[in-house]
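Notes follow the structure.
For clarity, every value in this text was computed on a predicted model and none was experimentally measured. We count residues from 1, following the sequence as given.
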Amino acid sequence: MRNRAGIILIHDGKLALIERHKQGRHYFAFPGGGVDEGETDEQAAVREAEEELGIRVEIVHRAAEVLRNGRRKQVYFLVTWAGGEFGTGTGEEYGEPDEINGTYEPVWMPLEEILVKNVVPRGLAEVVHRSNREGWNKEMKTILEN
C-alpha cells in the first residue's frame, strides 16, 4: 500500500476539509491522497490540493505524520493558499458518485467545530485544534492510529 500525503489549510479561522458520504458513513477528511512513484511527499500534497480543492498551495512545513495500523504512513503539511478558486477541483474523485467511492465535497469548517464533528484522522484533528490555539512549531507530530 502506498504512502499518502495531505494538507492542513487554515484560512479565516476555518479548516479546509473534504466532506464524505461513503458506504453509509458521514465524515470529514483532510485533503490528500496517494504519493505516486517518483514523487516526493511535498509534491503529492501540492498536487492533491489542486486536484481536490482547485487551489494552489505553498508548503510552510511538515506538521504531522500519521501511522495507521503501525505501517501505512500519511504525512501532512501545513500550507498557505497561493491562488485558485476553492471548490473547483477536477480530480478523478469528482466523477459520478457511486456506492463504493461515495461523494466528495470541499468545505470550510470553523476551527471550533473540528473536535465535535467526525473529522478524520481524529488524532490529526486534535493536533490541529491544539496547535492553532497554542501556536504551530516546526516539530513534526507523530500520531498513531488503528
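- Residue-environment remark: CD (Glu113) exceeds the threshold of 12 foreign heavy atoms within 6.0 Å.
- Contact detail for Pro31 and Glu52: the closest heavy-atom pair is CA-OE1, 3.3 Å.
- For the residue pair Ile18 and Pro106, the shortest heavy atom distance occurs at CD1-CA, 4.1 Å.
- Rounded to the nearest 0.5 angstrom, Asp36 CG and Arg47 CZ are separated by 4.5 Å.
- Two residues are said to be in side-chain contact when any heavy atoms from C-beta on lie closer than 4.5 Å; Ile7 and Tyr76 fail this criterion.
- You'll find the side chain of Val127 reaches within 4.5 Å of the side chain of Arg130, heavy atoms only.
- Across Gly6 and Ala45, no two heavy atoms sit closer than the pair O-CB, 3.8 Å.
- Enclosure of atom NZ in Lys141 by more than 12 non-hydrogen atoms of other residues, nucleotides or ligands within 6.0 angstrom is indicated.
- Here the straight-line distance linking atom CD of Glu58 with atom CG of Leu78 works out to 12.5 Å at 0.5 Å rounding.
- Below 30°, between 30° and 60°, or above 60°: for His11 and Trp108 the angle between ring planes is between 30° and 60°, a tilted geometry.
- A salt bridge does not link Arg2 to Glu37: none of the charged side-chain nitrogens sits closer than 4.0 Å to a carboxylate oxygen.
- Note that CZ of Arg20 is 10.5 Å distant from NE2 of His26, once rounded to the nearest 0.5 Å.
- Residues Phe30 and Val119 have side chains in contact (heavy-atom distance under 4.5 Å, counting atoms from C-beta outward).
- The distance from atom CD of Glu42 to atom NE2 of His61, rounded to the nearest 0.5 Å, is 12.5 Å.
- In Gln23, the CD atom is crowded: over 12 heavy atoms of neighbouring residues, nucleotides or ligands sit closer than 6.0 Å.
- Residues Val60 and Lys138 come closest through the heavy atom pair O-NZ, 4.3 Å.
- No side-chain heavy atom of Ile143 sits under 4.5 Å from any side-chain heavy atom of Glu126.
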Evaluate side chain to side chain contact (heavy atoms under 4.5 Å, CB included) for Lys73 paired with Leu67, printing each intermediate quantity in order. CA-CA 5 Å; Lys73 183 177 86 167; Leu67 299 176; 4.2 Å; yes
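- If you take CG on Asn132 and CD1 on Ile10, they are separated by 4.5 Å, rounding to the nearest 0.5 Å.
- A 4.5 Å side-chain heavy-atom check between Phe77 and Val57 finds every atom pair outside the cut-off.
- At a threshold of 4.5 Å between side-chain heavy atoms, the hydrophobic network of Ile, Leu, Val, Met, Phe, Trp and Tyr places Val79 and Val66 in two separate groups.
- In the hydrophobic clustering of ILVMFWY residues, with side-chain heavy atoms under 4.5 Å counting as a link, Leu9 and Val46 come out together.
- For the pair Arg4 and Val35, the tightest heavy-atom approach, listed with the atom from each and the gap, is C-CG2, 4.0 Å.
- Of the possible polar contacts, one joining the Arg122 side chain to the Leu115 backbone as a donor-acceptor pair under 3.5 Å is found.
- Closest of all the heavy-atom pairs between Glu145 and Leu124 is OE2-N, 4.3 Å.
- Separation of atoms OG1 (Thr80) and CD1 (Ile8) is listed at 13.0 Å; rounding is to 0.5 Å.
- Using a 4.5 Å heavy-atom threshold, the side chains of Arg62 and Asp41 count as touching.
- No donor-acceptor pair under 3.5 Å is formed between the side chain of Arg56 and the backbone N or O of Trp81.
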